[in-house]
Amino acid sequence: MAKTARKTARGRAAPKFAKVGPGELVTLLDFVRYAVSRFVEARLAFAHGTIDPVAEAAFLICEALHLNPEQFDIFANARVTAAEGKAIIDLIHKRVTTRKPAAYLVNKIYMRGLPFYVDERVIVPRSFIGELLDSHFGGDGDAGSLIDDPTAVARVLDLCTGSGCLAILAAHHFPNATVDAVDISKGALEVAARNVGEYGLADRISLHRGDLFAPLGGNRYDLIITNPPYVDAEGMAALPPECRAEPKLAFDGGADGLDVVRRILRDAPDHLTPDGGLICEIGRGRELVDEAFPDLPLLWLDTEDSEGEVFWIAAADLG
């Protein structure tokens, strides 16, 4: 009887890869080209720290070779050893056959140039808030600055912290602040604790397990940052395999995607200082948010790769 074809996680026959012969792929660029061809052929989805197959290929190849992504251009035309080439090919094939995000395959993601540990217990970080901390909270006198003096920020809250990356970026950006980071997932907090420890910030970042503000008592903050679940029911049904490998809890925002956002806006006034504010990422749901909260003067913030996916509101405007 013929052998049954090996299946992928979603039931399709696994792709068959032609064997790469000795000397056929030589430089880092050769391996990038090969990876891009395989990724496009397999119709992979890219939204986990890289936005296209070229960037994803370069990321995986650098990780296989223990290089920082910023070093790729320096070594693009360098040759790789046979053992290194095998490790790269194995990663490329694993990315195609498992459809897992590349970050899970190497247990690493970069945000604002900093590396963070990730695994399947947390969503792969790709928040725009890290960039906004740099562009809108600099205190350089620019009219777009939302907080005049980062050194005066004493307490920050990161809701739905996941891997803890935003809490860590906030600790770096606000040097005199203590940070509370909350998540409902025990596994996510284990990952966050690892990252907090690796950055030596255990004395400034406190991790709390619970549902949004529940474990915080009456604490108040100068800044609340949050990248909560905001995918609606239709979006959940259409998630690509890469996203289905991530924790459903980190995506599911209810029927219209705003279940968690509504609760955050409802309760945030009780946890903000008078001059504080809330920055919240909601993906592509701006129209729904504006319709749901027509009386709130939300300020929509753009980044290099997003438009109207994050809003800011001052404590005074929340009531």
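Predicted model only: the values in this text are computed from it and were never measured.
Pairs passing the salt bridge (Lys or Arg N to Asp or Glu O under 4.0 Å) check and including a residue from residues 167-177, sequence neighbours excluded, do not occur. Among residue pairs with one or both ends in residues 217-248, none qualify as ring pair (Phe, Tyr, Trp, His ring centres under 6.0 Å); sequence neighbours excluded. Within the structure, ring pair (Phe, Tyr, Trp, His ring centres under 6.0 Å) pairs that include any residue of residues 97-116 comprise Phe116-Tyr199 (at least two apart or interchain). For residues 195-215, every residue pair satisfying the salt bridge (Lys or Arg N to Asp or Glu O under 4.0 Å) rule, not counting sequence neighbours, is listed here: Arg194-Glu198, Asp211-Arg263. The stretch residues 236-280 participates, sequence neighbours left out, in these ring pair (Phe, Tyr, Trp, His ring centres under 6.0 Å) pairs: Phe213-His271. Evaluation of the side-chain hydrogen bond (donor to acceptor under 3.5 Å, both in side chains) test over residues 248-260, restricted to residues two or more places apart or in two chains, returns Asp256-Arg262.
No donor-acceptor pair under 3.5 Å is formed between the side chain of Ser306 and the backbone N or O of Glu309. Although no hydrogens or angles enter the test, the distance criterion places a donor-acceptor pair under 3.5 Å between the side chain of Arg244 and the main chain of Leu239. The backbone N or O of Thr27 sits less than 3.5 Å from a side-chain atom of Asp30, completing a donor-acceptor pair. A donor-acceptor pair under 3.5 Å is absent between the side-chain atoms of Glu131 and the main chain of Phe128, judged by distance alone. With hydrogens and angles ignored, the 3.5 Å screen pairs no side-chain donor or acceptor of Asp232 with any backbone N or O of Ala255.
From His173, atom NE2 reaches atom CG of Leu132 across 10.5 Å, with rounding to the nearest 0.5 Å. Here Asn107 contributes atom CG and Glu63 contributes atom CD; the two are 10.0 Å apart, rounded to the nearest 0.5 Å. Note that CZ of Phe72 is 6.0 Å distant from SG of Cys62, once rounded to the nearest 0.5 Å. Remark: Thr81 OG1 to Leu65 CG distance equals 8.0 Å, nearest 0.5 Å. The structure places CG of Asn227 at 10.5 Å from CD1 of Ile279, a figure rounded to the nearest 0.5 Å. To the nearest 0.5 Å, atom CG of residue Leu133 and atom CG of residue Leu223 are 7.0 Å apart.
Note: the hydrophobic cluster containing Leu301 does not contain Ile313 (ILVMFWY, side chain heavy atoms under 4.5 Å, direct or indirect links). Tracing side-chain contacts under 4.5 Å through hydrophobic residues (I, L, V, M, F, W, Y), one never reaches Leu318 starting from Leu146; they form parts of separate clusters. Residues Leu60 and Ile51 fall into different hydrophobic clusters, defined by Ile, Leu, Val, Met, Phe, Trp and Tyr side chains chained together at heavy-atom separations under 4.5 Å. Val26 and Phe75 fall into different hydrophobic clusters, defined by Ile, Leu, Val, Met, Phe, Trp and Tyr side-chain heavy atoms under 4.5 Å apart, directly or through other members. Linking Ile, Leu, Val, Met, Phe, Trp and Tyr residues whenever their side-chain heavy atoms come within less than 4.5 Å leaves Phe311 and Ile225 in two separate clusters.
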Without placing hydrogens or testing angles, list every side-chain donor-acceptor pair under 3.5 Å for residues 152-165, not counting sequence neighbours.
from: Arg155; atom 1: NH2; to: Asp180; atom 2: OD2; distance (Å): 3.2
from: Asp158; atom 1: OD2; to: Thr161; atom 2: OG1; distance (Å): 2.7
from: Asp158; atom 1: OD2; to: Ala167; atom 2: N; distance (Å): 3.3

Using atom types as modelled, flag every donor-acceptor pair under 3.5 Å from a side chain in residues 282-297 to any protein atom, sequence neighbours excluded.
from: Arg286; atom 1: NE; to: Asp290; atom 2: OD2; distance (Å): 3.4
from: Asp290; atom 1: OD1; to: Trp300; atom 2: NE1; distance (Å): 3.3

Which pairs of donor and acceptor atoms, one on a side chain in residues 186-193, lie under 3.5 Å apart (sequence neighbours left out)?
from: Lys186; atom 1: NZ; to: Glu190; atom 2: OE2; distance (Å): 2.6
from: Glu190; atom 1: OE1; to: Arg121; atom 2: NH1; distance (Å): 2.8

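Between Ile224 and Ile264 the shortest side-chain heavy-atom distance does not fall below 4.5 Å. Between Pro228 and Val261, some side-chain heavy-atom pair lies under the 4.5 Å cut-off. Residues Val179 and Leu201 fail the side-chain proximity criterion, which asks for heavy atoms closer than 4.5 Å. The side-chain heavy atoms of Val310 and Cys280, taken from C-beta on, include no pair separated by under 4.5 Å. Residues Leu212 and Asp267 have side chains not in contact (no heavy-atom distance under 4.5 Å, counting atoms from C-beta outward). Inter-residue side-chain proximity for Leu265 and Leu278 is flagged as met; some heavy-atom pair is nearer than 4.5 Å.
Contact detail for Pro241 and Arg99: the closest heavy-atom pair is CD-NH2, 3.6 Å. Summarising the geometry of Phe39 relative to Pro53, their closest heavy-atom pair is CD1-O, 3.9 Å, with the distance given to 0.1 Å. Scanning both residues, Gly308 and Asp302, for their nearest heavy atoms gives N-OD1, 2.8 Å. Closest of all the heavy-atom pairs between Gly277 and Leu272 is O-CD2, 3.4 Å. Taking every heavy atom of both residues into account, Val260 and Pro229 meet most closely at CB-O, 4.1 Å. The shortest non-hydrogen separation linking Ala55 to Asp52 is N-OD1, 2.7 Å.
For Arg79, the CZ atom sits in a loose shell: 12 or fewer heavy atoms of surrounding residues, nucleotides or ligands are nearer than 6.0 Å.
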Notebook entry, point to check: Between His172 and Arg112, is a side-chain contact (heavy atoms from CB on, under 4.5 Å) present by the stated rule, with each step listed?
Noted result: CA-CA 11 Å; His172 285 167; Arg112 309 304 294 164; over 6 Å; no

Margin query: Using side-chain contact (heavy atoms from CB on, under 4.5 Å), reason through Trp312 and Leu298 one step at a time and then give a plain yes or no.
Written below: CA-CA 6 Å; Trp312 159 269; Leu298 304 177; over 6 Å; no

Next item on the list: Decide side chain to side chain donor-acceptor pair (under 3.5 Å) for Thr273 and Asp275; before the verdict, give the C-alpha distance in whole Å, the side-chain angles of both, and the deciding distance to 0.1 Å.
Entry: CA-CA 6 Å; Thr273 59; Asp275 294 325; over 6 Å; no

Margin query: For Leu105 and Thr98: C-alpha separation, side-chain torsions, deciding distance, then whether side-chain contact (heavy atoms from CB on, under 4.5 Å) applies.
Written below: CA-CA 10 Å; Leu105 301 181; Thr98 67; 4.1 Å; yes

Next item on the list: Go through the steps to decide whether Leu166 and Met111 satisfy the test side-chain contact (heavy atoms from CB on, under 4.5 Å), and finish with yes or no.
Entry: CA-CA 9 Å; Leu166 289 180; Met111 286 193 69; 4.2 Å; yes

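For the side chain to side chain donor-acceptor pair (under 3.5 Å) test, no residue two or more places apart in sequence or in another chain qualifies with Ser185. Looking at residues two or more places apart in sequence or on another chain, you find no salt bridge (Lys or Arg N to Asp or Glu O under 4.0 Å) involving Glu307.
Side-chain heavy-atom separations under 4.5 angstrom define the hydrophobic clusters, and the remaining members of the one that includes Leu249 are Ile184.
The only option from Asn77, Ile88, Leu67 that meets the side chain to side chain contact (heavy atoms under 4.5 Å, CB included) definition with Leu28 turns out to be Leu67. Looking at His48, Glu120, Glu242 one by one, the single match for side-chain hydrogen bond (donor to acceptor under 3.5 Å, both in side chains) with Lys100 turns out to be Glu120.
A cation-pi contact, defined as under 6.0 Å to the ring centre and within 45° of the axis, links Arg38 to Tyr34.
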